[in-house]
Trainee: 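One structure, as structure tokens, below. Some questions next.
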Amino acid sequence: MERFRPFLEELPARFGEGDLLFAGRNEIRGFCVGGERLAVKRFRKPSGLNALLYGHLRKSKARRAFEHGTELCRLGIPTPEPIGWREDYGGPWLGVSYLVTRYSDYRPISEITNAFPAPHTVPVLDAYAAFAVRLHEAGVEHEDFNNGNTQWQADGAGGYRFEVIDINRMHFRGRPLTRRESLHNLRRITCPMTAYAYVLGRYGELRGWDNYYTQLAGAHRLGGFIARRDRRYALKRLLFGRKR
């Protein structure tokens, strides 16, 4: 959006002025620009050869997230509205990059899955399963579809709204995801098994699948995903002394 171009041009110098929203491998800060609340995600500099590959052979994470967000909006899938992206280079090497979106005060769905089966969580998870169906039937395969990257909010009329974030790794299939693809995609919802089984059951019902098969096949994929993840963490701790 052209009116935010001056902000994008000044962003590297101004980034530290924003309100800190998240600090980790990447950093997110909030800004008020022209009376509008924005969120800026700064992706850290890629390491080693990736700094060259991302700059020339692959799109940066910021650019991919912007383009994916634009496509999601076109498909009617909620995500914080993309405003712009920026890449900074040191010669041919990509340094940090920035993604600018509208600010969102939605909350992570993990606070609901972790509280299941409390009565207030059931209608939210029903709506969450329906949102996942909507996403997959639109051909969207979010490669990191987990508890932290799906956010929710009550709509004030007895319903619930959802949105996806952290969208730099994503595929648009142009057709509904198959059963195998869908269950594979849902395996990253690493929440208590009771909540996971409930979401799988509701998801399968909405897609007209056998409930028992959906829950069993989904649980099998989740177990495999967790086992592989834990082996990677154990190997990293062994080699580098890293904590999870």
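Because only heavy atoms are used, hydrogens play no part in the values below, and waters and symmetry mates are left out as well, while side chains stay in. Computed from a predicted model, the values in this text were never measured in an experiment. Residues: numbered from 1 along the sequence shown.
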Trainee: Looking only at heavy atoms, what is the nearest atom pair of P80 and S104, with distance?
Mentor: CG-CB, 4.1 Å
Trainee: Transitively linked via ILVMFWY side-chain contacts under 4.5 Å: L8 with W85?
Mentor: no
Trainee: Answer with yes or no whether the hydrophobic clustering places I165 together with L72; edges join I, L, V, M, F, W, Y residues whose side-chain heavy atoms lie under 4.5 Å apart.
Mentor: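 Hydrophobic grouping puts I165 apart from L72.
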Trainee: Can you get from V199 to L135 by hopping between Ile, Leu, Val, Met, Phe, Trp and Tyr side chains that sit under 4.5 Å apart?
Mentor: yes
Trainee: So, using ring pair (Phe, Tyr, Trp, His ring centres under 6.0 Å) as the criterion, who are the partners of F116 when residues are at least two apart?
Mentor: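 Result, ring pair (Phe, Tyr, Trp, His ring centres under 6.0 Å) vs F116: Y198.
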Trainee: Scan residues 212-222 for pairs that pass side chain to side chain donor-acceptor pair (under 3.5 Å), counting only residues two or more places apart or in two chains.
Mentor: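 Qualifying pairs: none.
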Trainee: For F131, enumerate each residue passing the ring pair (Phe, Tyr, Trp, His ring centres under 6.0 Å) test, keeping only those at least two apart in sequence or located in another chain.
Mentor: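 Scan of F131 (ring pair (Phe, Tyr, Trp, His ring centres under 6.0 Å), adjacent residues dropped) gives F162.
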Trainee: Please output the side-chain donor-acceptor pairs of residues 34-43 that fall under 3.5 Å, not counting sequence neighbours, one pair per line with the distance.
Mentor:
residue : atom : partner : partner atom : Å
E36     : OE1  : R102    : NH1          : 2.1
E36     : OE1  : R102    : NH2          : 3.3
E36     : OE2  : R3      : NE           : 3.3
E36     : OE2  : R3      : NH2          : 3.0
R37     : NH1  : D19     : OD2          : 3.4
K41     : NZ   : D166    : OD1          : 3.3

Trainee: Atom CZ in R5, atom CD1 in I83: separation rounded to 0.5 Å?
Mentor: 13.0 Å
Trainee: With ILVMFWY side chains joined below 4.5 Å, transitively, what does L177's cluster contain besides itself?
Mentor: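 ILVMFWY cluster around L177 holds nothing else.
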Trainee: Any chance you could measure T178, atom OG1, to R173, atom CZ, to the nearest 0.5 Å?
Mentor: 9.0 Å
Trainee: Among all residues two or more places apart in sequence or in another chain, which pass the side-chain hydrogen bond (donor to acceptor under 3.5 Å, both in side chains) test with N168?
Mentor: none
Trainee: Any idea which heavy atoms bring L75 and A138 closest together, and the distance?
Mentor: CD1-O, 4.4 Å
Trainee: Which heavy atom of P46 sits nearest to which heavy atom of G95, and what is that distance?
Mentor: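 Shortest heavy-atom separation between P46 and G95 comes out as CD-O, 3.3 Å.
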Trainee: Check whether any side-chain heavy atom of L200 lies under 4.5 Å from a side-chain heavy atom of L183, and answer yes or no.
Mentor: yes
Trainee: Applying side-chain hydrogen bond (donor to acceptor under 3.5 Å, both in side chains), can you list everything that pairs with H142, at least two apart in sequence or on another chain?
Mentor: none
Trainee: Sequence neighbours left out, what passes salt bridge (Lys or Arg N to Asp or Glu O under 4.0 Å) with D144? Give chain and number order.
Mentor: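 Salt bridge (Lys or Arg N to Asp or Glu O under 4.0 Å) list for D144, sorted by chain: R188.
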Trainee: Tell me whether I77 is reachable from Y106 by hopping between hydrophobic residues (I, L, V, M, F, W, Y) whose side-chain heavy atoms are closer than 4.5 Å.
Mentor: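 No.
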Trainee: Please find the pair of heavy atoms, one from G76 and one from P78, that lie closest to each other, and give the distance.
Mentor: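 Scanning both residues completely, I find the closest heavy atoms to be O-CD, 3.5 Å.
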Trainee: Tell me if a side-chain donor or acceptor on R25 pairs with a main-chain N or O of R44 at a distance below 3.5 Å.
Mentor: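 No.
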Trainee: Run the salt-bridge test on E67 and R64 with the 4.0 Å N-O cut-off and return the result as yes or no.
Mentor: no
Trainee: How far apart are the closest heavy atoms of V96 and Y98, and which atoms are they?
Mentor: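 For V96 versus Y98, the nearest heavy atoms are CG2-OH, 3.6 Å.
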Trainee: Not counting sequence neighbours, which residues clear side-chain hydrogen bond (donor to acceptor under 3.5 Å, both in side chains) with Y203? List them please.
Mentor: H136, S182, R207
Trainee: Considering only heavy atoms from C-beta outward, does the side chain of E10 approach that of E17 to under 4.5 Å?
Mentor: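 With C-beta onward as the side chain, the pair stays apart.
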Trainee: If you measure from CG on L186 to OH on Y196, what distance do you get to the nearest 0.5 Å?
Mentor: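 That separation rounds to 5.5 Å.
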Trainee: Thinking salt bridges, do R63 and E87 make one under a 4.0 Å N-O criterion?
Mentor: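 So R63 does not pair with E87 through a salt bridge.
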Trainee: Using a 4.5 Å cut-off on heavy atoms from C-beta on, say whether the side chain of C73 contacts that of T79.
Mentor: yes
Trainee: Treating R187 as the side-chain partner and H184 as the backbone partner, does any N or O pair qualify as donor plus acceptor under 3.5 Å?
Mentor: yes
Trainee: Drop me the distance from D88's CG to S60's OG, to the nearest 0.5 angstrom.
Mentor: 10.5 Å
Trainee: Would you indicate whether the side-chain heavy atoms of N149 and V164 approach each other to under 4.5 Å?
Mentor: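 No. Closest side-chain heavy atoms not under 4.5 Å.
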Trainee: Is there a side-chain contact between T121 and V124, using heavy atoms and a 4.5 Å cut-off?
Mentor: no
Trainee: Any donor-acceptor pair under 3.5 Å linking the side chain of N147 with the backbone of I109?
Mentor: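 Pair absent, no side-chain N/O of N147 close to backbone of I109.
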Trainee: Does the cation-pi check pass for R161 over W152, that is, NZ or CZ under 6.0 Å from the six-membered ring centre and within 45° of its axis?
Mentor: no
Trainee: How many angstroms lie between atom CG of D105 and atom CD of Q153, to the nearest 0.5 angstrom?
Mentor: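 It is 5.0 Å, given to the nearest 0.5 Å.
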Trainee: Please enumerate all residues that pass salt bridge (Lys or Arg N to Asp or Glu O under 4.0 Å) together with R169, with sequence neighbours excluded.
Mentor: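 Expected list: E143.
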Trainee: Quick one: pull up CD1 in I167 and CZ in F145 and give me the separation to the nearest 0.5 Å.
Mentor: 13.0 Å
Trainee: May I ask you to list the residues sharing a hydrophobic cluster with L21, side-chain cutoff 4.5 Å, ordered by chain and number?
Mentor: F22, I28, Y103
Trainee: Can you give me the closest heavy-atom contact between P12 and R86, atom names plus distance?
Mentor: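 Of all heavy-atom pairs spanning P12 and R86, the closest is CG-NE, 3.3 Å.
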Trainee: Is there a path from L216 to I226 through hydrophobic residues (I, L, V, M, F, W, Y) whose side chains come within less than 4.5 Å of each other?
Mentor: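 They do not share one cluster, since no chain of ILVMFWY contacts under 4.5 Å joins L216 to I226.
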Trainee: For R180, I'd like to know if atom CZ has over 12 heavy atoms of other residues, nucleotides or ligands within 6.0 Å.
Mentor: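 No, because the 6.0 Å sphere around CZ of R180 holds 12 heavy atoms or fewer from other groups.
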Trainee: Does F172 have any ring pair (Phe, Tyr, Trp, His ring centres under 6.0 Å) partners at least two apart in sequence or in another chain, and if so, which?
Mentor: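 Per chain and number, F172 pairs via ring pair (Phe, Tyr, Trp, His ring centres under 6.0 Å) with H68.
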